[in-house]
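As a basis for the values below, the full set of heavy atoms in this structure was taken, side chains included, without hydrogen atoms, waters or symmetry mates. Note that this is a predicted model, so its numbers are computed, not measured.
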Amino acid sequence: MSEDIYREMILDHYRNPRNKGKIEDPDIRINDSNPLCGDEISIDLKVEGDIIKDIKFDGRGCAISQASASMLTEMVSNKPLTTIKDITKDDVLENIGLTNLGPARIKCALLSLKVLKLGMVKYYVDRDPSSAAQMKDESKVF
Amino acid sequence: MSEDIYREMILDHYRNPRNKGKIEDPDIRINDSNPLCGDEISIDLKVEGDIIKDIKFDGRGCAISQASASMLTEMVSNKPLTTIKDITKDDVLENIGLTNLGPARIKCALLSLKVLKLGMVKYYVDRDPSSAAQMKDESKVF
Amino acid sequence: MQALLDVRKIRQDFPILNRRLNDGKRLVYLDNAATTQKPNEVIDAICRYYSEYNSNIHRAVYQIAEEATEEYEGARENVRKFINAKYQEEIIFTRNTTESINLVAYSWGNANIKKGNTILLTEYEHHSNIVPWQILCKSRGGKIKYLEVDEDGYLDLEALEELLSRKGDGKIKLVSLSEMSNVLGTIFPAREIIRIAHEKNIPVVLDGAQSVPHMKTDVQQTGCDFLAFSAHKMLGPTGVGVLYVKKAILEQMKPFISGGDMIKEVHKENTIFNDLPYRFEGGTPNIADVIGFSSAIKYLNRIGMDNVRDHELEMTAYLLSRIQEIKNIKVYGPKIAKDRGGLVSFNIEGIHPHDCATILNDFGIAIRSGHHCAQVLMEKLDIVASSRASLYIYNTKEEIDILIDALNHARRIFNI
Amino acid sequence: MQALLDVRKIRQDFPILNRRLNDGKRLVYLDNAATTQKPNEVIDAICRYYSEYNSNIHRAVYQIAEEATEEYEGARENVRKFINAKYQEEIIFTRNTTESINLVAYSWGNANIKKGNTILLTEYEHHSNIVPWQILCKSRGGKIKYLEVDEDGYLDLEALEELLSRKGDGKIKLVSLSEMSNVLGTIFPAREIIRIAHEKNIPVVLDGAQSVPHMKTDVQQTGCDFLAFSAHKMLGPTGVGVLYVKKAILEQMKPFISGGDMIKEVHKENTIFNDLPYRFEGGTPNIADVIGFSSAIKYLNRIGMDNVRDHELEMTAYLLSRIQEIKNIKVYGPKIAKDRGGLVSFNIEGIHPHDCATILNDFGIAIRSGHHCAQVLMEKLDIVASSRASLYIYNTKEEIDILIDALNHARRIFNI
Ligand SMILES: Cc1ncc(COP(=O)(O)O)c(C=O)c1O
Ligand SMILES: Cc1ncc(COP(=O)(O)O)c(C=O)c1O
């Protein structure tokens, strides 16, 4: 039921997103959209010695995608960049407390994770193009 | 039942087709094929003062298409070219005694009529290109 | 006034309308612009084909193949009559509206669009009537212009006339537009637009995906050169579309999908193509669904397309007036019901349409939310997405009431 | 030896096999290479979709749309497993084999075939694997070469090797061939042919229309770059085909049919296409029939493709031996049953195959007569047409006996 989805926490992150905006001169800037609805998320990252020093997201979207992006930025802030590799789709869904979304809405919840993983891959491949093949599947979320 | 179709008359025309072959230097030469089976019929005509003086058909095909072509040539031989206009699909089917063919086999029976009508149209249009629009639908058989 | 349609009786023909959803709610299906539901007789026609005379058509002489061929070609005749085309040969079966438009773009477009030519679309077109032209123009060096749509969802016919009069480099070679917008709901004056275009000898493609299912269509009256539409949006099965092309144009067109069934003779070096319309139907067609579509057309004929239109008009007027009761709602498209087909797109400020649809789903309501494959229009409206409720012959005022209640519930959840 | 298939039980699953024809005769369906019959569970899957969860997929968030999306994408996974493809993204749904091959010709062909390039086909190809290449070559200035097939219906692999080794002007850029001939019945050594081609870095299109329904397919083992086949030839509905493309190649390919559902973002001037495989599925797909096809695959999996093959082998051996009892008969293709799929083409001297089929129809027998969309092969065999009996899982020796009796009856009618 939608009352379970649109709990106060989700609505709070939706109305008052954390880490929303742009970083000037970011180390990574990446974006993707959800072809289902046209929603877009872009993520900027500032990385220092492999640690995510700053992260901001931007974009328009539904409560689920915006709240999920907001919570995800909190989750990885000040963590090593490589943690992104290990974040699974279930981690994100549990973190936002939405473990029984239908297949369509799941894509909303996971768009930010997809973008974040794409960003990480891009970061490593830019620095070491020979790693492209090996990194290829790292951005898979679903 | 096929016994009704493959009566002696049909088999006779199939085995001993009348007017089979080519005319040297014909006034009309025309051919078409049945996309259903790839069978082909070509018809040559010699016309004198609007009278069909000689007619021959050629081609490979099933008993029905060959017998029908054979009988059709007999039907129009020494008749005015314009009679072709008036021959209907039912005329041909009655003439060969096959009034209850299925839609697929009907095309076999009518291929020669279609070719003959195409030939007549071509004859008139060659002589008077301005008649093309008016003759357009004259070659319709089914 | 007498009831226009016996909706209660009609609803009994649609088995899905008895469906109970997960939580026991009855389905309130308001996504008819995406695809409509199917009556029993359409489903039965498909079953009957597979159970009694399934076989490949055109090329076989045995009994069930002749039966199948007759039904398949009978469907073509039914479609011809339904849109009042002059010749059966003008009716080509495709997969959907999208493939129909692609056929025009590949076959007619590649032969006629040259470097510098312009194709005129409108800002409200569905992606299926944009992307094929973008691809064509990219490969041929052509350009696309978009006729603007105003605040209230109307086109400016004077601007159209001016555009179509341009000579030289900016000359328009083709107009392609939808007769009814799948977002704004506007019904556009196809006949008038085509008259203007034909005065300048410019052919017109009509995307009838939204109009053909909902109102009487007469291609000889509107005079369109091409008309594309989908069976699945008019009670028919998925997998069948139609492309109508005026015979004189079709005769000049090269094949698109090539292979079996569309040839007369194949030789190693060359091929002689089959007569119209077979030349444009390569490979084994979607026989069962074309036959199913024929049943859908019979069903609509029995109801009468004018009655379909009248029923939708009544429902749309009701929906329009009720939805405007809702606070902070923005409704797109014409304010006047009679300028619209049976759909209404809207946004409630502060609720993303996706969230709106999720909440409505709790009420058993199926509506669409998203960009409706019309992102060019979304950009123009400066929104990412909208919600859309779209109606058909089986929808009732009670269902509209359920929708309104649910929208108010959504407002409460979001505290708006 | 134990019976391979419980054919009696299988026959009960096919409602059409109970059909009584006009004169009360039971249907003897021997035209399976054209299209196969459908078991109840395939028909039911289609009905269930329309009666319970019909809706447009991918883009909606309400319950029945999610159900439909799940079933549709589940079908893709079933197809992937059935042909042992590595990735789901490699599976594209089309209308039929013909459209699948056209997709390759338009998308891959236009980007890769240049003036002077040669495409290698064989003499036994179906028109669907000839005409698209002719059209491509005509527009791009390419050439077609036909690998010869010998008297007994085999290819010469040494000649192939020689052809593929040619450099410079005659260089072969693509090989496209059918894994099983729909006229000769020959099963060709796809794996070996592909190995030879890949040694020279030449990609191979496999037309699997006849092979995939009748034997185990493993695209990773054969290594084909493209594989095309049709649902309707393997118990599935009409209107669904598959194109498998190796991911590395597919990633480079441009869209073919464009419009809704295959895009990520559309702007006035440009479009960003969707991820694989959606990029290649424009417009509303044939949802119901893809779901029906999924049921067909489940049915075949339950029987086991090796058992399908074994049953057909047994039937083919019987058919081959019995048909050769008939006087003045000419049988085409391999003499050895195990080199064949389950079909036999033949001509009785003095009886045109069309007349033969008409007479057989009196016995309730459905066979095909004609050029079988293989006129290049017909020219090679120096015939206009042939008759063809083709088998599937529900055919029995008794039916073959009825066929033989009927053929002898035809001989009597024609006095031969
Ligand atoms: C070898 C072969 N290729 C292609 C086709 C074409 O299949 P479809 O008509 O389903 O496109 C067929 C079947 O007719 C075939 O036998
Ligand atoms: C106006 C319009 N054009 C084209 C289409 C595409 O139809 P289909 O997906 O059946 O090809 C649609 C439906 O989505 C539409 O509303």
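In this structure, D:Thr94 OG1 and C:Glu99 CD are separated by 10.0 Å, a value rounded to the nearest 0.5 Å. Here the straight-line distance linking atom CD of D:Glu281 with atom CZ of C:Arg95 works out to 8.5 Å at 0.5 Å rounding. In this structure, the separation between CD on C:Glu269 and NZ on D:Lys138 is 12.0 Å, given to the nearest 0.5 Å. Note that OG of D:Ser128 and CE of C:Met262 are 9.5 Å apart. Values are rounded to the nearest 0.5 Å. Taking CG from D:Asn110 and OG from C:Ser139, the interatomic distance works out to 8.0 Å, rounded to the nearest 0.5 Å.
Looking at C:Ile135, the atoms closer than 4.5 Å to chain D (heavy atoms on both sides) all sit in the side chain, from C-beta outward. In this structure, chain C has a heavy atom under 4.5 Å from the backbone of D:Thr36, while its side chain stays farther away. Of the atoms belonging to C:Ile365, it is backbone heavy atoms, and not side-chain ones, that fall under 4.5 Å from chain D. In this structure, chain C has no heavy atom under 4.5 Å from any part of D:Glu125. With a 4.5 angstrom heavy-atom cutoff, C:Ile287 touches chain D via backbone and side-chain atoms both. Interface residue D:Pro285: only backbone heavy atoms are found under 4.5 Å from chain C. C:Leu27 touches chain D through its side chain: at least one heavy atom from C-beta onward sits under 4.5 Å away, while N, CA, C and O do not. Of the two parts of D:Asn22, the backbone and the side chain both hold a non-hydrogen atom closer than 4.5 Å to a non-hydrogen atom of chain C. Interface remark: C:Leu21 contributes backbone and side-chain atoms alike to the contact with chain D (heavy atom separation under 4.5 Å). For D:Ile257, the parts sitting under 4.5 Å from any heavy atom of chain C are the backbone and the side chain alike. Of the two parts of C:Leu121, neither the backbone nor the side chain holds a non-hydrogen atom closer than 4.5 Å to a non-hydrogen atom of chain D.
Of all heavy-atom pairs spanning D:Asn56 and C:His232, the tightest one is ND2-CE1, 4.0 Å. Nearest heavy atoms, C:Gln134 versus D:Lys268: NE2-O, 3.2 Å. Here the closest non-hydrogen pair linking D:Cys373 and C:Gly260 is SG-CA, 4.1 Å. The two residues D:Gln63 and C:Arg19 have their closest heavy-atom pair at NE2-NH2, 3.4 Å. When all heavy atoms of D:Ser55 and C:Tyr29 are compared, the pair lying nearest together is CA-OH, 4.4 Å. When all heavy atoms of D:Ile16 and C:Tyr53 are compared, the pair lying nearest together is CD1-N, 3.6 Å.
Residues forming a side chain to side chain contact (heavy atoms under 4.5 Å, CB included) with C:Pro132 (at least two apart in sequence, or on another chain): C:Ile101, C:Asn102, C:Ala105, D:Ser258. Residues forming a ring-ring contact (aromatic ring centres under 6.0 Å, His included) with D:Phe256 (at least two apart in sequence, or on another chain): C:Tyr106, C:Phe256, D:Tyr106.
For C:Lys380, the NZ atom sits in a packed shell: over 12 heavy atoms of surrounding residues, nucleotides or ligands are nearer than 6.0 Å.
Interface remark: of the candidates C:Ser51, C:Ala34, C:Gly239, C:Gly283, C:Ser51 forms the most heavy-atom pairs closer than 4.5 Å to chain D. The choice from C:His127, C:Met378, C:Lys254 that makes the most heavy-atom pairs within less than 4.5 Å of chain D is C:His127. Ranked by heavy-atom pairs under 4.5 Å with chain D, the first of C:Ile130, C:Asp44, C:Ile64, C:Thr97 is C:Ile64. Contact count against chain C (heavy-atom pairs under 4.5 Å) is highest for D:Gly259 among D:Cys47, D:Gly259, D:Pro237, D:Ala65. Ranked by heavy-atom pairs under 4.5 Å with chain C, the list D:Val376, D:Thr284, D:Thr35, D:Ile367 is led by D:Thr284. The choice from D:Asn270, D:Val240, D:Asn129 that makes the most heavy-atom pairs within less than 4.5 Å of chain C is D:Asn270. Taking C:Ser230, C:Pro15, C:Pro255 one by one and counting their heavy-atom pairs under 4.5 Å with chain D, the maximum is reached by C:Pro15.
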What's the verdict on side chain to side chain contact (heavy atoms under 4.5 Å, CB included) for C:Tyr62 and D:Asp31, showing C-alpha distance, side-chain angles and the deciding distance? CA-CA 10 Å; C:Tyr62 50 84; D:Asp31 195 16; 2.6 Å; yes

Do D:Val42 and C:Tyr50 pass the side chain to side chain contact (heavy atoms under 4.5 Å, CB included) test, and can you show the C-alpha distance, the side-chain angles, and the key distance before you say yes or no? CA-CA 9 Å; D:Val42 168; C:Tyr50 286 129; over 6 Å; no

Can you list the steps and then say if D:Ile43 with C:Tyr49 is a side chain to side chain contact (heavy atoms under 4.5 Å, CB included)? CA-CA 10 Å; D:Ile43 305 172; C:Tyr49 167 76; over 6 Å; no

Run the side chain to side chain contact (heavy atoms under 4.5 Å, CB included) check on D:Val266 and C:Val131 step by step: do they pass? CA-CA 8 Å; D:Val266 174; C:Val131 189; 3.9 Å; yes

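Side-chain polar atoms of C:Gln37 and D:Asn54 form a donor-acceptor pair below 3.5 angstrom. For the residue pair C:Thr238 and D:Asn286, a side-chain donor N or O sits within less than 3.5 Å of a side-chain acceptor on the partner. Judged purely by distance below 3.5 Å, without hydrogens or angles, the side chains of C:His267 and D:Glu379 pair a donor atom with an acceptor atom.
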